[in-house]
Amino acid sequence: MRAQIETLPDPSHLAEAAARQFARAATRALRNWGEFTVAMPGGTTPRAAFERIAGLTTAEGLEWEKVHFFWGDERCVPPEHPQSNFRLARESLLDRLEIPAQNIHRMPGELEPHTAAQAYESDLRSALSARVDQGVDLPRFDLILLGLGLDGHTASLFPGSPALTEYLRWVLAQQATDGSWRLTLTLPVINAAAEVLFIVSGREKSHILRRVLRGTEDLRALPAQAVQPAGGDVIWLVDAQAASLL
Ligand code: 6PG
């Protein structure tokens, strides 16, 4: 596992850098596989990056009809709900592109959480069947985009959660610290990715970012530290405010 940190001066440059990394990963996957499989993050940080990614064209190597969108996690709400991670991506990215409907693999947040997790795992097994490493029964996403929570969570893998020691399931239903239900990819799936890209912005993230990147390893307390793809790269794109304590 190789982790690299790229510090950008401000959120706008951070969004541009995320779009560049997205285009680079996409170009490489399209060359190698003829398709690009990417799992999208949630939260608020990614909006600016999604808007920049929407502006990528074939000039940057993007063939949108060959891009397959998945999600790293989702809130258990309907897709039109203001809290929906899918709604964030639809508004800031998908609605601006010509993506075939069958290429958009939304987590069914409107279903009962455990049913939704099973349904999404079935969708993944079907959609990514050609990209499963049979030796370990895990899908290899070309790119997984992640954020970092103030408590060190990533996707919907929260500190101390039993989900952190799940080694068989690809998708789990999880209760967030506020009691709301979420759906999340599990660590084995995240760590099977060819590349993981964290996008972290803002001074309020400076303390947790220092703990995760420079502090003592504590994978249960800091789930983001457990993102260590065995055969992949981890790239941290951070702005100067988030990186101010590194
Ligand atoms: C979610 C995300 C979550 C997010 C972090 C950071 O559904 O909320 O997947 O893991 O990435 O909480 O969120 P912000 O970008 O809003 O700070």
Side-chain angles (χ1 to χ4, degrees), residues 8 10-12 14-15 17-18 21-22 38-53 69-93 105-110 113 116-117 120 141 143-161 163-164 171-187 189-191 193 196-213 219 221-227 234-239 241-244:
L8 289 306
D10 54 47
S12 177
L14 177 63
Q21 292 287 356
F22 184 98
V38 55
M40 307 300 276
T44 55
T45 302
R47 183 180 290 275
F50 289 174
E51 289 166 351
R52 296 294 196 294
I53 290 169
F69 287 97
F70 300 83
W71 271 261
D73 73 324
E74 182 56 281
R75 287 82 182 280
C76 290
V77 295
E80 67 279 359
H81 190 283
Q83 290 292 313
S84 164
N85 290 339
F86 171 79
R87 175 172 166 170
L88 168 71
R90 183 180 55 72
E91 290 174 340
S92 53
L93 175 60
H105 302 267
R106 180 179 65 83
M107 285 185 163
E110 68 279 14
Y120 199 66
F141 280 98
L143 178 64
I144 296 181
L145 297 167
L146 293 174
L148 176 63
L150 290 172
D151 60 358
H153 81 259
T154 193
S156 284
L157 297 165
F158 295 95
S161 164
L164 297 176
V171 186
L172 285 179
Q174 277 296 285
Q175 270 194 294
T177 42
D178 65 3
S180 63
W181 280 93
R182 309 272 193 99
L183 302 172
T184 188
L185 296 183
T186 57
L187 277 171
V189 173
I190 293 171
N191 283 332
V196 175
L197 184 65
F198 280 94
I199 306 172
V200 187
S201 174
R203 185 167 301 281
E204 72 279 3
K205 296 286 177 73
S206 59
H207 290 275
I208 190 62
L209 188 65
R210 182 177 62 181
R211 282 187 62 201
V212 168
L213 294 180
L219 306 185
L222 300 170
Q225 284 185 337
V227 175
V234 180
I235 299 172
W236 288 81
L237 290 184
V238 301
D239 65 19
Q241 293 225 335
S244 57

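Counting convention: from 1, in listed order, for ligands and their atoms alike. Numbering starts at 1 and runs along the sequence shown.
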Inset, instruction - Find all atoms of ligand 1 within a distance of less than 4.0 Å from any non-hydrogen atom belonging to Lys205, and give their numbers and elements. - result: 6 (C), 14 (P), 17 (O)

Inset, instruction - Using a 4.0 Å heavy-atom cut-off, say whether Leu148 meets ligand 1 through its side chain, its backbone, both or neither. - result: backbone

Inset, instruction - Give the single entry among Pro223, Gly42, Ala224 that approaches atom 4 (C) of ligand 1 most closely by any heavy atom. - result: Gly42

Legend entry - Polar contact flag, side-chain donor to acceptor under 3.5 angstrom, Ser161-Gln174: yes

Inset, instruction - Check whether the side chains of Ser156 and Asp73 place a donor and an acceptor atom closer than 3.5 Å, and report yes or no. - result: yes

Legend entry - ligand 1 contact by Glu74, heavy-atom criterion under 4.0 angstrom: no

Legend entry - Distance from atom 5 (C) of ligand 1 to nearest protein heavy atom, with residue and atom: His153 NE2, 3.6 Å

Legend entry - Side chain, backbone, both or neither: the part of Thr44 lying under 4.0 Å from ligand 1 by heavy atom: both

Inset, instruction - Enter the distance from Ile144:CD1 to Met40:CE here, rounded to the nearest 0.5 Å. - result: 12.0 Å

Inset, instruction - Tell me, yes or no, whether the heavy-atom count around Arg211 atom CZ, taken from other residues, nucleotides or ligands under 6.0 Å, exceeds 12. - result: no

Inset, instruction - Pick whichever of Asp73, Leu146, Ile199 has a heavy atom sitting closest to atom 9 (O) of ligand 1. - result: Asp73

Inset, instruction - Could you tell me whether Ser201 approaches ligand 1 through its side chain, its backbone, both or neither, with non-hydrogen atoms closer than 4.0 Å? - result: neither

